[in-house]
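Following: one structure in structure tokens, then a few remarks.
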Amino acid sequence: MPVITMREALHDALREEMIRDQNVFLLGEEIGRFGGSYKVTEGLIDEFGPERVLSTPIAESGIMGMATGAAMTGLRPVAEIMTINFIMVGMDQLVNNAAKIPYMFGGEARTPLVVRTPSGAAHQLTAQHSQSLEVWFAYVPGMYVVAPSTPADAKGLLKSSIRNDNPILFVENLVMYNEKGEVPEGDHVVPIGKADIKREGGDLSIITYSRMVHMALEAADVLAEEGISVEVVDLRSLRPLDVETMIASVKKTNRALVLHEGWYKYGAGAEVAAQIQEHAFDYLDHPVVRISGQEVPMPYSTVLERAAQPRMEDVVERARFMLGRK
Amino acid sequence: MPVITMREALHDALREEMIRDQNVFLLGEEIGRFGGSYKVTEGLIDEFGPERVLSTPIAESGIMGMATGAAMTGLRPVAEIMTINFIMVGMDQLVNNAAKIPYMFGGEARTPLVVRTPSGAAHQLTAQHSQSLEVWFAYVPGMYVVAPSTPADAKGLLKSSIRNDNPILFVENLVMYNEKGEVPEGDHVVPIGKADIKREGGDLSIITYSRMVHMALEAADVLAEEGISVEVVDLRSLRPLDVETMIASVKKTNRALVLHEGWYKYGAGAEVAAQIQEHAFDYLDHPVVRISGQEVPMPYSTVLERAAQPRMEDVVERARFMLGRK
Amino acid sequence: MVKEIERTELEPTSTENRPAEFHESKEELHSLFRTMSLIRRFEDTGWEMYTRAKIGGYFHTNHGEEATVVGTICPLRPQDWIVSFYREHGHIIARGTDPKYVMAELFGREHGVAHGRGGSMHLFDYSRHFLGGYGIVAGQMPLAIGVGWSSKYRGQDEITLLLTGEGAMANGASHEALNMIGLYHLPVITVVVNNLYGMGTTVHESAANPEIWKRGEMYGMHGAQVDGMDVMAVRRTMQDAMKRASNGQPSLIEAMTYRYRGHSVADAARYRSTEEVQSWRQQDPIERFYRQLSKADLITEEERNAIDESVEKQVNAAVEFADSDEHPDPNGLFDHLYVDPPAGVSL
Amino acid sequence: MVKEIERTELEPTSTENRPAEFHESKEELHSLFRTMSLIRRFEDTGWEMYTRAKIGGYFHTNHGEEATVVGTICPLRPQDWIVSFYREHGHIIARGTDPKYVMAELFGREHGVAHGRGGSMHLFDYSRHFLGGYGIVAGQMPLAIGVGWSSKYRGQDEITLLLTGEGAMANGASHEALNMIGLYHLPVITVVVNNLYGMGTTVHESAANPEIWKRGEMYGMHGAQVDGMDVMAVRRTMQDAMKRASNGQPSLIEAMTYRYRGHSVADAARYRSTEEVQSWRQQDPIERFYRQLSKADLITEEERNAIDESVEKQVNAAVEFADSDEHPDPNGLFDHLYVDPPAGVSL
Ligand SMILES: Cc1ncc(C[n+]2csc(CCOP(=O)(O)OP(=O)(O)O)c2C)c(N)n1
Ligand SMILES: Cc1ncc(C[n+]2csc(CCOP(=O)(O)OP(=O)(O)O)c2C)c(N)n1
Ligand SMILES: [Mg+2]
Ligand SMILES: [Mg+2]
């Protein structure tokens with residue numbers, strides 16, 4: 001299988017779906033000549049022209065409203081919000097329009113659209129540019145929230161998302177665009193709503209998504225050396241939430257650790273922990289443990305930024321503790 | 001003690017704080033001559049004039065940004081967002097500015113402001129007007145999110161909020177303005193961040209806030225007749241979250257049911273359930289149960305609207321079940 | 001505290017004091033007149049049904065705005081699109097949707113235009129390209145960018161009519177929408193229904209510059225103001241705008257009108273004087289059109305009576321239909337939420 | 001694909017080809033010149049420090065915009081306020097904050113102007129009424145409503161200078177802010193730093209009508225366009241606006257300028273031609289001001305050299321200070337988050 005970067009996987013998915021379906025078009029800030037802030041759309045304007053790769057003004061309500069209106073009238077827009085930090089100024093269009101239109105008009109309208117956006121913290125981008133806000137959208141019935149962790153999943157899930165008839169927030173990760181991985185050739189499609197066991201294990205389930213999958217895998221390596229066998233469950237979407245897969249894992253391992261970027265309280269991990277205690281209460285040997293970013297706006301200083309982010313060492317330490325090893 | 005409505009309690013709190021501190025001013029849509037959409041500010045413009053009771057255009061970013069800028073330069077604004085459903089179009093100002101400014105400028109600036117807004121569903125107001133979105137703000141470090149359930153708490157917490165130096169989302173409830181209750185005379189102040197036991201009991205803790213406190217109390221009455229003793233914990237604020245009080249209650253009753261309006265997954269109940277299993281795992285005789293609104297945009301039809309809202313009967317039934325009674 | 005409302009100076013498009021010159025067929029003129037009468041009647045009856053608790057939620061009517069509604073919507077062709085807001089009962093009726101399905105929606109019934117899910121603020125009729133009423137002020141406006149774009153993208157000769165209130169023009173979403181519509185030269189006609197108030201707030205209290213039509217320039221659009229109480233004037237302005245739209249020039253039309261009733265059934269509208277309301281009622285759009293037509297010998301009293309009777313019948317039939325229609329099945333609570341949701345996962 | 005950029009026609013405020021007439025003292029003129037030179041030097045060195053990984057995050061410089069920065073900020077009085085955006089190193093320096101604390105912030109150190117929490121985009125100096133740089137495009141604009149309102153409310157003779165990019169003017173927040181500033185007649189001067197690009201997007205690609213200063217009318221403000229490469233022209237325009245602001249008339253000033261470098265350090269700016277950049281560099285604001293001054297015999301080469309040396313020294317000292325300043329204590333991670341948080345609860 002060819003090894004490509006996350007960026008290439010996303011780029012290829014967009015390109016292939018644009019070739020496959022004339023109704024697919026892209027819109028967003030700087031996605032044309034500039035190639036996208038993270039260069040995912042680079043070159044597409046040359047291949048498909050400025051009508052299908054539309055660079056917009058800095059108007060997030062305009063972008064997401066435009067996508068919704070176009071979706072209602074037969075197109076399949078894929079909007080890029082430069083980073084999730086900017087989504088607030090336009091989120092009314094996504095939450096109050098795109099997600100509600102199908103239901104509130106009794107099924108008479110549909111809003112098949114994808115909003116791609118990178119989430120997460122890195123590189124001293126500070127308070128207003130280092131947020132993980134996907135949990136807000138996962139709260140909203142009518143939305144799907146998808147968040148891949150590997151190039152293969154990214155490609156397969158983006159293709160599925162573009163073909164899907166529901167409004168989808170497709171969450172990428174700010175620092176993963178250069179990460180590489182194997183991606184199957186051909187029309188590689190991954191179904192939305194299925195979690196994936198990224199590593200099998202018997203002692204502890206780490207339930208996570210997006211970039212933190214890799215921290216979980218790293219921690220699993222470290223723990224394996226100590227004889228602790230970790231199962232890594234990659235949720236891949238926060239909504240739908242694949243409760244079945246995660247519960248099956250916990251019933252096997254009897255211990256769950258939830259790991260994500262973003263803040264602790266009212267974060268995505270709260271829902272996962274709540275579901276686990278609901279559905280696997282009698283299987284739990286230990287309370288579900290959550291590890292997340294610290295509850296502060298992200299500070300600039302490298303020292304503080306490091307202190308505010310989830311750390312692999314903490315995952316290892318908490319896992320040991322859960323197994324009574326320490 | 002005088003018995004007054006929620007509306008009066010809020011009105012009196014605003015009026016007393018405006019008298020107490022010249023720097024307190026109100027802003028929002030229709031809060032002047034019109035008296036406020038829910039008439040909380042009625043009459044205040046006559047007493048304090050249009051500079052201190054400012055009716056604004058329909059511009060929620062403008063309103064919350066204006067409040068933040070005024071707060072940074074010495075005033076203590078109290079903004080009204082007509083209902084929480086409209087907050088999305090302005091929430092960037094609250095989340096990215098008001099909540100982050102103190103921290104991201106290293107303590108060199110402060111943003112003492114209150115945003116009052118009614119939340120909740122009722123009266124067939126439908127999908128875009130029947131939401132409970134406070135959990136989003138509770139996720140944000142730097143914010144406080146306060147949500148009283150009685151006129152006494154409303155008055156005492158609103159006064160505390162206005163005197164507090166942090167940015168506060170003060171969540172009222174759309175259908176509670178006419179609810180009555182005793183309110184202590186004089187300068188009645190309730191500290192922010194303390195949950196309140198609204199009813200003591202030994203068999204089950206119902207943990208809730210805002211309007212659902214009353215549904216919990218009703219359910220407690222019904223259950224009392226069956227010999228089930230329910231403790232009702234009113235969180236009163238989602239952030240700070242008074243984990244201590246709620247855990248103490250659960251350690252006593254060994255059973256917790258979380259109840260709120262709004263949606264289930266990623267709702268406020270998820271955090272409460274996660275905290276309980278974290279801190280009272282060994283005390284739990286039953287998984288924490290959550291009851292919330294159904295996960296749909298609120299439908300218009302009375303039949304469907306009823307079906308989508310949390311019901312007292314369900315609380316009673318689940319409580320019985322948790323106690324092995326049926 | 002109530003400020004005297006300045007009446008904005010109108011362009012001399014009013015036909016009131018000119019000898020009416022009609023180039024339209026009598027049939028067409030009667031049809032316009034009938035639609036205006038139908039909307040008025042529908043709103044009257046709807047209001048009554050609300051007070052009888054047959055209808056709930058928010059309820060905003062087009063009383064007084066009939067000329068603006070009919071003058072902007074009736075010239076549209078079947079392929080054209082409409083994006084509207086919560087004050088839209090008249091809009092969907094002018095578009096030709098049978099009032100019985102509209103009334104059924106207000107009653108919250110299964111055969112309502114949104115199957116009882118939407119109610120008064122969220123009427124919808126895809127078959128007539130009526131893309132809905134929306135409840136977030138200005139929130140519908142960005143949708144029109146996409147609808148207009150879609151027509152261009154698909155290479156179709158379609159125009160989008162975007163309706164909005166004047167109060168909405170203070171909101172950021174209006175700015176983003178109009179700028180992008182102008183920037184992309186979309187075939188979109190934005191009609192600002194300026195009924196002088198957004199709830200209790202006058203346009204002088206919400207706009208730094210209350211001459212809203214002048215914003216056309218800033219959005220690269222043709223701007224026009226029209227007497228929104230004169231159906232023929234509105235219609236002509238709309239037809240001009242449609243010609244321009246087909247050539248890729250969007251328009252911003254400000255129609256000066258007045259809502260007779262409160263903002264919604266719940267609003268007693270104490271912020272304005274009876275005299276003010278009366279002075280507007282004196283130029284009632286229906287009566288005025290009737291005077292114009294009858295001066296030109298294009299309508300008789302009998303004809304009018306027949307029209308009034310027929311719309312009364314139609315609205316009564318709508319109520320009957322609505323009242324006997326079934327409620328949605330509570331087991332269908334999750335219907336329409338997702339298309340083809342995956343099985344076995346928590347949605 | 002790169003469109004030729006049309007140069008917007010400027011009002012004849014440029015002093016380039018007129019015999020310079022200075023009414024200011026030599027001292028004052030030298031101070032302006034020195035500040036521009038200081039900013040240039042600071043940005044050069046900052047850029048270098050970034051490439052040496054002493055600085056991280058996003059890093060946007062004012063290279064090329066010095067005349068606009070100094071011309072708008074230096075006329076302000078101590079009591080006046082500034083609300084700015086992420087491209088603000090020069091803004092805070094022009095306001096008089098010691099560059100060493102600014103550099104320390106860029107280095108992420110404890111004695112930086114935001115104690116190492118803010119970085120390049122979030123500089124702040126309350127003592128100089130510099131209310132910060134913000135990272136959400138147009139997100140700073142609504143703050144200025146409140147700052148202006150606050151001055152009025154407290155009865156203080158203070159003016160607020162609101163700085164923004166031209167790309168930001170497509171965003172809804174700009175509309176809400178300017179409308180409310182105009183509506184309430186606030187003493188706010190909005191300066192749109194039109195450097196022709198928002199990242200890679202030209203103003204012709206982001207604005208339906210790219211003549212941004214004309215929006216003044218729609219916001220009930222005085223609108224003006226000025227040659228933003230000419231410090232004295234900018235300064236005069238600003239001083240006029242300050243007089244109007246004190247009388248309750250806000251202004252919208254569009255300063256035409258150019259950023260020499262990419263949007264941020266990360267941007268190679270391939271979307272524009274070397275010729276375009278060169279043609280702008282030919283009217284470099286610092287060189288141009290130098291020529292004006294020297295033509296008027298107000299500066300000598302030696303004086304200039306002395307200024308250059310002195311700013312170089314100052315910037316080097318700033319780097320030294322920053323580099324030796326301590327990092328924030330990681331145990332202070334939660335400092336500054338809340339004022340007087342209650343004890344014993346989960347915040
Ligand atoms: C974003 C938002 N803010 C506030 C409201 C509450 N609200 C509903 S209608 C309305 C007035 C709108 O006035 P206008 O645009 O003039 O339309 P009209 O009702 O006069 O037809 C307001 C403030 C809302 N629905 N959405
Ligand atoms: C709401 C929002 N959308 C997008 C961005 C990303 N972004 C940062 S700067 C910028 C360009 C802004 O251009 P302009 O306003 O002209 O200012 P300039 O950088 O040219 O000084 C963009 C798109 C952002 N920070 N905020
Ligand atoms: Mg109106
Ligand atoms: Mg720019």
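Chain naming here is simple, since letters A, B, ... match the order of the sequence lines and numbering starts at 1 in each.
- Chosen from A/Ile58, A/Asn23, A/Leu54, A/Asp165, the residue pairing most often with chain C at heavy-atom distances under 4.5 Å is A/Leu54.
- No side-chain heavy atom of A/Leu27 sits under 4.5 Å from any side-chain heavy atom of C/Trp149.
- Between chain C and the residues A/Gly142, A/Ala71, A/Ala67, the largest count of heavy-atom pairs under 4.5 Å involves A/Gly142.
- With a 6.0 Å radius and a threshold of 12 heavy atoms from other residues, nucleotides or ligands, C/Phe321 has its CZ atom above the threshold.
- With hydrogens and angles ignored, the 3.5 Å screen pairs no side-chain donor or acceptor of A/Asn97 with any backbone N or O of C/Leu143.
- For C/Pro341, the parts sitting under 4.5 Å from any heavy atom of chain A are the backbone and the side chain alike.
- Closest non-hydrogen pair, C/Met180 versus A/Ala59, comes out as SD-CB, 4.0 Å.
- Here C/Tyr338 is the residue among C/Tyr338, C/Trp81, C/Phe124, C/Tyr126 with the most heavy-atom pairs under 4.5 Å with chain A.
- Interface remark: A/Asp242 contributes backbone and side-chain atoms alike to the contact with chain C (heavy atom separation under 4.5 Å).
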Inset, instruction - List the steps and the verdict of ring pair (Phe, Tyr, Trp, His ring centres under 6.0 Å) for C/Tyr134 and A/Phe105. - result: CA-CA 10 Å; C/Tyr134 295 85; A/Phe105 295 135; 5.5 Å; yes

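- Residue contact with chain C, scored on non-hydrogen atoms closer than 4.5 Å, involves the backbone and the side chain of A/Ala109 alike.
- Looking only at atom types and distance, the side chain of A/Glu108 has a donor-acceptor partner in the side chain of C/His115 under 3.5 Å away.
- For A/Val145, no part lies near chain C; criterion is any non-hydrogen pair under 4.5 Å.
- Side-chain N or O atoms of C/Arg154 include one that pairs as donor or acceptor with a backbone N or O of A/Thr73 at under 3.5 Å.
- Contact count versus chain C (heavy atoms, under 4.5 Å) is highest, among A/Gln275, A/Lys194, A/Met143, for A/Met143.
- Side chains of A/Pro77 and C/Tyr153 form no contact here, defined as non-hydrogen atoms less than 4.5 Å apart.
- Using a 4.5 Å cut-off on side-chain heavy atoms (C-beta onward), A/Pro57 and C/Leu183 make contact.
- At a 4.5 Å heavy-atom cutoff, the contact between C/Asn179 and chain A is made by side-chain atoms alone.
- For C/Ile136, the part lying under 4.5 angstrom from a heavy atom of chain A is the side chain only.
- When each of A/Met66, A/Arg239, A/Met72, A/Lys100 is checked for heavy-atom pairs under 4.5 Å with chain C, A/Met66 comes out on top.
- Heavy atoms of A/Gln93 lying under 4.5 Å from chain C belong exclusively to its side chain.
- In this structure, CE in A/Met104 is found 4.5 Å from NE2 in C/His122, a value given to the nearest 0.5 Å.
- Each of A/Arg52, A/Glu244, A/Met64 has some count of heavy-atom pairs under 4.5 Å with chain C, and the biggest count is that of A/Arg52.
- By number of non-hydrogen pairs under 4.5 angstrom with chain A, the leading residue of C/Val113, C/Asp340, C/Leu333 is C/Leu333.
- Using a 4.5 Å heavy-atom threshold, the side chains of A/Pro240 and C/Pro342 count as touching.
- Put simply, the side chain of C/Val339 reaches to within 4.5 Å of the side chain of A/Arg110, judged on heavy atoms.
- With a threshold of 4.5 angstrom between heavy atoms, A/Thr56 approaches chain C through its backbone and through its side chain.
- Between C/Pro142 and A/Gly62, the shortest heavy-atom distance links the atoms CB-CA, 4.3 Å.
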